[in-house]
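Here's the structure, in C-alpha cells; my notes come after.
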Number of protein chains: 2
Amino acid sequence: MRALIVEDDARIADLVASALSAAGFRTETVGDGDTAWFQGGTEDYDLVILDLGLPRLDGLTLLKRWRGEGRAFPILILSARGTWSERVEGIEAGADDYLPKPFMVEELTARARALVRRAAGQVQTVHRVGALAIDTNRMTVTRDGLPVALTPLEFRLLSYLLLNRDRTVAPSELLDHIYGTEDGREANAIEAVITRLRRKLGAGAIETRRGFGYRLGTDP
Amino acid sequence: MRALIVEDDARIADLVASALSAAGFRTETVGDGDTAWFQGGTEDYDLVILDLGLPRLDGLTLLKRWRGEGRAFPILILSARGTWSERVEGIEAGADDYLPKPFMVEELTARARALVRRAAGQVQTVHRVGALAIDTNRMTVTRDGLPVALTPLEFRLLSYLLLNRDRTVAPSELLDHIYGTEDGREANAIEAVITRLRRKLGAGAIETRRGFGYRLGTDP
DNA sequence: CCCGAATTGTCAGCGAACTGTCAGCTTCGT
DNA sequence: ACGAAGCTGACAGTTCGCTGACAATTCGGG
C-alpha cells in the first residue's frame with residue numbers, strides 16, 4: 001500500500017505520515033502542488049491525502065486535473081475550512097472522502113483503510129500465474145485449485161512480484177518494499193523467504209535471474 | 001423489486017443505483033426532497049434509500065411525513081454524519097436501517113435484500129454456517145439446533161463475519177465496524193470477544209489466519 | 001439512589017508460529 | 001575448474017494470538 005501525502009505544513013505532514021505508516025502504508029510526502037502534480041501523474045498510488053491550501057497549485061485544481069487525466073486513485077481531502085459547501089465541492093470534483101481539520105489520527109487511518117478497501121472491492125483481484133491463483137483482496141493463494149497457506153511476509157513478497165511480474169525485481173528492491181523503512185536485515189533474509197515460498201508454491205513459481213533478481217515464473 | 005434512491009450527490013447515487021441493479025432491483029433516482037416526497041407519495045416502492053443531507057426538504061422530515069401518511073415501504077438511511085444519536089433519531093422516526101458513509105456496496109446490497117425480505121414477511125434471515133444457524137432478524141443463534149445466548153457485542157462481531165464470510169477480516173477492520181468511531185480500544189479487545197465466542201460456538205466456528213485476521217469456519 | 005448481575009475492556013503469562021541469521025552446500029557463468 | 005551467487009536446513013529471538021483473572025462499566029430492579 002503506497003500513499004502520497006500532499007501537505008505544505010511539515011508538522012501535519014509528519015503526523016499523517018506516521019499514522020499511515022502505523023496503518024501499514026508506505027508514505028511519500030510532497031509540499032507543493034507542482035511537485036504533487038508530477039508525482040501523482042507519473043507514479044501509481046493506492047491512496048492520496050490532499051490538503052486544499054497549497055502553494056503554487058491549488059488542491060481543488062490539482063484534484064480536477066488528475067481526474068481529467070484519468071487518474072483513479074482514492075483521494076482523501078484534508079481541509080481547515082470545514083464548510084459543507086466546500087465538502088460538496090470537493091466530492092463533486094472527484095474526491096472520495098473529506099476530513100476537516102483538526103482531526104484525530106484514528107479517524108484518518110480508519111477512513112484511509114475504508115477508502116482502500118472500497119477501491120479494492122471494485123476491481124478483479126484474482127490473478128493467475130501458471131498453476132497459481134492469487135487473490136489480493138481475500139489474501140489467499142491456490143495452487144492447482146488447492147489452497148496454499150502463506151504467512152504475511154510470504155504473501156507480501158509474492159504480491160510485490162505479482163505487481164511487477166513483467167520485469168525482474170532486485171533483492172535490494174524487495175528489501176525496501178517488503179519491509180518498512182525499519183532497520184536493515186541482511187540481504188539473505190529475502191533468499192530465505194524465497195526458499196519457503198518455493199517449497200509451498202512449487203519450484204517453478206519463482207525464477208532466479210542470477211545477478212539481477214527474481215521474477216514470477218512464466219511456466220512450470 | 002423497485003427501489004427509490006433519494007440522494008443529491010450524483011456520484012453516490014450512481015454507485016448505489018448500479019449496486020442495487022446488480023442485486024436485481026429496478027431503480028429510480030431523485031435528487032431533492034420535494035421530488036422525493038411526490039414520488040414516494042404516489043408510487044409504491046419495495047425499498048427507499050434515503051440520504052439525510054438533502055436540498056429543499058430535509059431527509060428526516062421527509063421520513064416522518066411519509067410515515068405520517070401511512071407509507072410503509074422499508075427505508076434505509078444513508079448519512080455522512082454517523083453519530084449514534086442520529087442513528088437513534090432516524091430509527092425512531094421510522095427508518096428500518098441505517099448505514100453510515102462511507103460504506104461498502106456489498107454491505108448496502110446485503111442490507112437492502114434483508115430489508116425487503118423482512119418487509120415481505122419472509123423470515124428468510126436464517127443463515128447456516130456449519131453447525132450454526134444465525135438469524136440476523138431475530139438476533140438469535142443456534143448450534144446443532146440448541147439455542148446459544150450471545151451478548152450484543154458478540155452478536156455484532158459474528159454478524160460482521162457472517163456478512164463477509166467469503167474473506168478474511170482484519171482485526172482493525174473489526175474494530176472499525178463493531179464499535180462506532182468512539183474512543184479506541186486496545187486491539188486485544190477483539191481477541192477477548194473471539195475467545196468468548198469460540199467458547200459458546202465451538203472451537204471450529206471462527207478460524208484464525210495468523211497475521212491476516214479472522215473468518216467464519218467453513219467446517220468443523 | 002443503591003446494589004448486584006451481566007457485560008466488556010485490560011492485563012499478564014504462556015505457547016505456538018513466524019522469520020532473521022548463520023553455516024555449509026549447490027549451482028551457475030566464465 | 002574456480003569463485004561468486006544463490007540455496008537450504010537448523011536454530012533462536014521475536015512476535016502474535018489465546019486465555020484466565022480482574023476491573024470498570026452498564027443495566028435493571030427494588
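Side chains of Thr208(B) and Arg198(B): a donor on one and an acceptor on the other come within 3.5 Å.
In this structure, Leu150(A) places its CG atom 14 Å from C1' of dA17(C), rounding to the nearest Å. The interatomic distance linking Leu174(A) (CG) with dT19(C) (C1') rounds to 16 Å, in whole Å. Following rounding to the nearest Å, Ile190(B) (CD1) and dT10(C) (C1') show an atom-to-atom distance of 14 Å. Rounded to a whole Å, the CZ atom of Phe155(B) is 18 Å from the C1' atom of dT8(C). If you measure from atom CG of Leu197(B) to atom P of dT8(C), you get 10 Å, rounded to the nearest angstrom. The separation between Glu207(B) atom CD and dC18(D) atom P is 12 Å, rounded to whole Å.
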For nucleotides 6-13 of chain D, just jot down a letter per nucleotide in 5' to 3' order: B, S or -, based on protein non-hydrogen atoms under 4.0 Å. SBBSB---
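With sequence neighbours excluded, the residues forming a side-chain contact (heavy atoms from CB on, under 4.5 Å) with Ser172(B) are Arg113(A), Ala170(B), listed by chain and number.
Across the interface with DNA chain C, nearest-nucleotide mapping of Pro152(A) and Leu153(B) shows Leu153(B) to be the residue nearer the 5′ end. Heavy-atom nearest nucleotides on DNA chain C were determined for Lys200(A) and for Glu154(B), and the one closer to the 5' end corresponds to Glu154(B).
Using a cut-off of 4.0 Å between Lys/Arg side-chain N and Asp/Glu carboxylate O, Glu154(A) and Lys200(A) are scored as salt-bridged.
Between Tyr214(B) and Thr168(B) the shortest side-chain heavy-atom distance does not fall below 4.5 Å. Side chains of Arg65(B) and Trp37(B) form a contact here, defined as non-hydrogen atoms less than 4.5 Å apart.
Within 6.0 Å of the CZ atom in Arg128(A), the count of heavy atoms belonging to other residues, nucleotides or ligands does not exceed 12.
Between the side chain of Asp144(B) and the backbone N or O of Leu146(B) there is no donor-acceptor pair closer than 3.5 Å.
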Give the C-alpha distance, both sets of side-chain angles, the deciding distance and a yes or no for salt bridge (Lys or Arg N to Asp or Glu O under 4.0 Å) between Arg196(B) and Glu191(B). CA-CA 9 Å; Arg196(B) 284 159 189 154; Glu191(B) 297 172 13; over 6 Å; no
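The distance from atom CD1 of Ile75(B) to atom CG of Leu4(B), rounded to the nearest 0.5 Å, is 9.5 Å.
Consecutive Watson-Crick or G-U pairing (both distances under 3.5 Å) extending over three or more pairs maps onto DNA chain C as C:1-30 with D:1-30.
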